[in-house]
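Shown next, in structure tokens, is the structure this report addresses.
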Amino acid sequence: MLSKINKVNAAKAVWRIVVVLISICACMLTTGCWDAKEIQDRNFVLIAAIDDADIVNKAESEKQIAQTQTFVQKQGTKEYMLSLQILKIAKSESKGGTQAKNTFVISNTGKPMFEMVRDMLGQSSKSLFFEHLEAIIISEAAVKKGGLRPILDFFRRDPEMRSRTKIFITPGEAKAIAEFNPPTGEPGGVYLNGLVQNHKKNIHVGGAKTDVGFIAQGMDNNTDYAIPRLNYIDNVVKLGGTALFKNDMFVGYADEYMTRGLKFIYGTEKSATIAVKCPEHSEQEIVYELFKHDTKLTPHIEGDTIYFTLDITMQGNIGEVNCAAEHDTHNLQFLHSIEELIAQEVSQNIQDCWAFQQGLGIDITNTKGRIKAYHPFEWKKIKDRWEEIYPTIPLIVSVNVNIRGTGEHN
Amino acid sequence: MGKATRSRLRKLSVKLQKQVQQIKDIGSAISGAIKNLRKARTLDKENFGFTKTIEMNEHLVRSALSCCDDVKYRQFRAGKAKALLVYLSGLTDTSKIETTVIECLTGRVEINESFVNINQITNLLITAANVTVVKKPAEGITNILKGNPLLIIDGIAEAVSIDAAKYEKRQITKAENEDVARGPHDSFNETIGDNIALVRRRTKDPDLKVEIFEIGARTQTSVALLYIDDIVKPGLTDEIRNQLLAIRIDKVILSANVEEFLSNQVWNPFPQTLTTERPDKVVAGLYEGRISIIVDTSPTALIVPVSLQDFMQSVDDYTQRPAVASLTRLTRYFAAFIAVFLPAIYVSIVSYHPGMLPSGLAFSIAELRGKTPFPALLEAFLMEGLLEIFQEAIVRLPQKLAAAAGIVGALVIGTTVVETALVNALLVVVIALTGLSSFSMPSYTFGMALRFFRVAALIAAAVFGLYGIGISFIVMVVFLCSLHTYGESYMGNLFDITLIKDWKDGVLRFPAEFLTSRPKRLGPKDKTRIGGED
Amino acid sequence: MSSWQFGLVVTSGLLTARLLSTTSYIVSFSEQFLWLSSALAGVLFYLAAYLMLRLGQQFPEETIGEYVPRLFGKMFGSGVFLVFITVLFINIINCTVALTKLTLVFLLDQTPQAVLIIVLLLAVAYCVMQDFGTILRVIQILVLALPLLYIFYSLIWLNFETLNILPLWPDHFIGILQGVMYHISYYAGYESLLVLLPMAKRGEVSFARTVGWGFLIVTLIYVFGGLVLVGSISAKTIASVPQPVVYGMKSIELPGTFIERLENYMIMFFIPVTYISMVLSYFSLTEGCRKYLHYNDHRTFIPVFLPLIFFVSIFIDTPERYDVFRYFGMYVILFFSFVIIPILLFLVWWKKGRRKNAKQNK
């Protein structure tokens, strides 16, 4: 009898628990779910393009900026124009015909980035979603105004941002690139992202340490950094060269040749091409294709002199010989002579680049950090005089080139 | 007739009706009392017994089995005394009775011989293979209903119950739900004798003990308890025996009726006994130190005590190579995880964390979902419901329509739902994977229990995203570890480091030469598998 | 509970989500020598755990709530017990706030923190309601999240640069030692062994060895983790980011796989790892109270402490309150581990010596 009563009580208790659980679930599902937002209810932002508002202003023939592209703000000035490229989710399948644009651009002017972004919700029917931000394009004029920090702070701070978003500096107008419709049909941001990802094979593009995360790291460590340069003329986009920054301010551009030198020092590429003039036929070129590349940049301090040594070992193939008919590419002597020419070319490139760096007073190769790392005690002594010492440090280069093969044809 | 006469007649008829009514009441009361008396006589085993007069004994039997027209009464003479054979015509082997009882008692007995003691008959005359002497009519009647006829002899206060049961039973066929690729294919049928014989065929161990009880107040179903005496944990058999004898239920027609009384937490969805149709699984369990229960008229045997690992094992693991079997087991654990959490992961990633998808995938999913109207949670519930209904329909579909079921399933669930833009195609893939994973569980009841948790995980994911999935996983682990069956934790022994020797046959299966000890968690008396008596 | 299980249980409570936010404070003192201060801190806290083991082994069947009042008087005993309880409270509250803050910032956005805290505390209470055998088994299953977490975390090695680690010769030791003090959030959680010790059976291996092995493994995880973290995102970045470990995971890109946002996976693995620590602390709390007040069942104390934990966790959500609480917690735990326990040990030793002398003099 007692066991029956206990069983009945236990059943009642279980029933009560079940009822409580169901009511909690019902409450949570109807009024809870604070963060549930369906994937199709978000607007994916792919590119953030930042321009100098005054220049854009002037380009639109001095007229007032349209009411839809600005807002009244109390604090801050109207320095920047932010344009966001947003993905258009195709509702119907459009097959054939012209390439349909699958993105659209909205703009706003102001200074704090966050305010502009929030105000742009007035132009967007869904909430802006930055987690798939692919590229940030900054025009040269915008970055000359106040440096890189005010522009990038919002992208460093928000937890929604990715740390591997690519940054570009463009001499022209950034908004135009955001409106660019790539011929491959993919959205613009994905296209630009892919451009930089080829940096391993394209020695004229620096891309190993130029994402938002690494730039933020550079900002914290007070080092100088480089950002790739994007050119857009006549509906064609090309990536080449780098923009150089010191103390978060824009200093100048390094062209493709200088970029190549920087990459040789860093050794970040997987493959590169080096063209040299043929020793016997000076109008023809021989191209060397690099496969493997080890570099070692070490500081040496002897007494009062500081110098750097750079040891490079390269291995690769012959890529192209324009005067192949007159040469026997199996001849070891010929190959050795080519190797020496290439070594000379590389060494010259590096020395030019080193001088270029010192001339501008910037330190992309992080010589400061290396001295501090390898010789901490001496660094303490010369820390204060670094600005004077840096332009005087020589670089001793030794290049060792090996040709492993000649490709498919002799 | 005058008025006075008519009124007198009327009064008389009223009186007559009352008296007829009273007589009817008394009659029904008497017949009710007779019925109760009869019940008392047949159920109470203490006070009523057979008497020396055959008329009385026959009357006892006839009154208990009144209106049972399939009971046959064969009267004959055994020597000088009158004899009666009572049997059930459908359950008894009449040719056997003829040769072993009637012929012996009528043919080989002198016409004037009389019997004083029942042993004279059982020891000398009856040639049946098994006879029992019965003193109480209740026992004799139960035996009649089992198919063993009752022999009553005039002048002897005991009756003889003769084993001559024969009835139609199913042939030993393949296991319907547990067929394996390589291994024996015979399975239990509904007769307890055959089932015990199948188990005995596989082991000639005299330590295999078989205890048979009758459970079920009215059905009196035979239930057998099998165990290996010197392996099983001391005390476990007593506990289970006591639980079986304490079952108070009127009918036992399925092994599930017994199973429900063996578990101590009745509300949890996870099965606490392993049900199997295969005798080789029963023997393997017995030799690990478990106890098996076989119920008459049910083809499933129960094995206790069990834990989670035993529900994820199948006979195929032991017939394949160890490396392949280990990989298959890992796949099963992974499938169990998918069966519970995949819809929840889908809902949480699509609604809460689309950043975790790579860009291309995110854009294409957004396009797919742009066409459908429902939020992710509702879609998932809709497809879940459809899947459950489909599963139920498949089980009950008539034979002729079974072939069409595949087409219906593919059309309704797969193609049409997507084409009408009710649900996006990715969700159909997710649900199909979930369904497949829950069917890949070796134990059907375990797969059903997982469905329970799928809904809970879905709701948790819909409210909290990935955090909800993490918390629900933890709560599920705690719940499974808190279940106890006969002192053994359900999931807790999966990674217990004091039972590290058991890991060799847990998630992975090591080759047979490493599996030299019985599972420590069952507390067997004989710890190693090798070696005979000691 | 065998001695190996004891070692596993005590050290599985060490690694929690608290370490995520304190790393930046430590690095602001010890700069790139995070690994060195982790190693030193590991040795230091193992010493504290060892002292606790010695103290507990003097009284094999009793917990701290029983023998201290018995030997040293009720006032002193109550005081010590109160400090012990406060230490466990602080552990639980720190774990709760750290885990829910982490989830709130990176996984969710607008969900109120209170709801997350309630759900977590209810899950912890559900586990503590079971008997200790079940809790032990749950811990042994959930601790598998720890190697998975570390494997995920090791992907940071892809971004490693030796330049960030150098120079290897530290130039100011004081900074490293200051950083060692902040490591309390890396290593706290071993105080529960004072309550768990009577439940463990001594086997062939001593408890000091099993706990030592556990501490060694955790210290190695921290040392290599710190090494790779400083190497991939430099020390200055760590000092200026509130959650450096997650920030480091963000910088990994695995092109060609569909795994993105690796930090979300890592946060998922942090949930069971922190849960274990919370369950252990809460169980020690209820079990210690039960033994102190001579009750039968530890489940009576579960609803007593939950509201207090909840309200304090909600209260400290502004940065200044959180800082005050953090410093308070740090000093209390250090005080308990390095002042009270040695004093107790010394007193017990002294009493034993006196008793021995008294016996000898007789």
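Chain identifiers are assigned alphabetically (A, B, ...) following the order of the sequence lines, protein sequences preceding nucleic acid strands; residue numbering begins at 1 within each chain. The figures here come from the full heavy-atom set of this structure, side chains too, leaving out hydrogens, waters and symmetry mates.
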Region of A:Leu46 that comes under 4.5 Å of a non-hydrogen atom in chain B: side chain
Stepwise side chain to side chain contact (heavy atoms under 4.5 Å, CB included) test for A:Phe154 and A:Val117: CA-CA 10 Å; A:Phe154 170 62; A:Val117 167; 3.8 Å; yes
Among the listed options A:Glu131, A:His132, A:Glu134, the residue most often paired with chain B at heavy-atom distances under 4.5 Å: A:His132
Audit row: A:Asp41, B:Arg369, salt bridge (charged side-chain N to carboxylate O under 4.0 Å, His left out) steps and yes/no: CA-CA 9 Å; A:Asp41 290 334; B:Arg369 301 206 72 236; over 6 Å; no
Region of B:Ile349 in contact with chain A, defined by heavy-atom distances below 4.5 Å: neither
A:Phe130 portion near chain B, given a 4.5 angstrom heavy-atom threshold: neither
Parallel, tilted or perpendicular: ring planes of B:Phe341 versus B:Phe337, cut at 30 and 60 degrees: tilted
Euclidean distance, B:Cys481 SG relative to B:Met476 CE, rounded to 0.5 Å: 10.5 Å
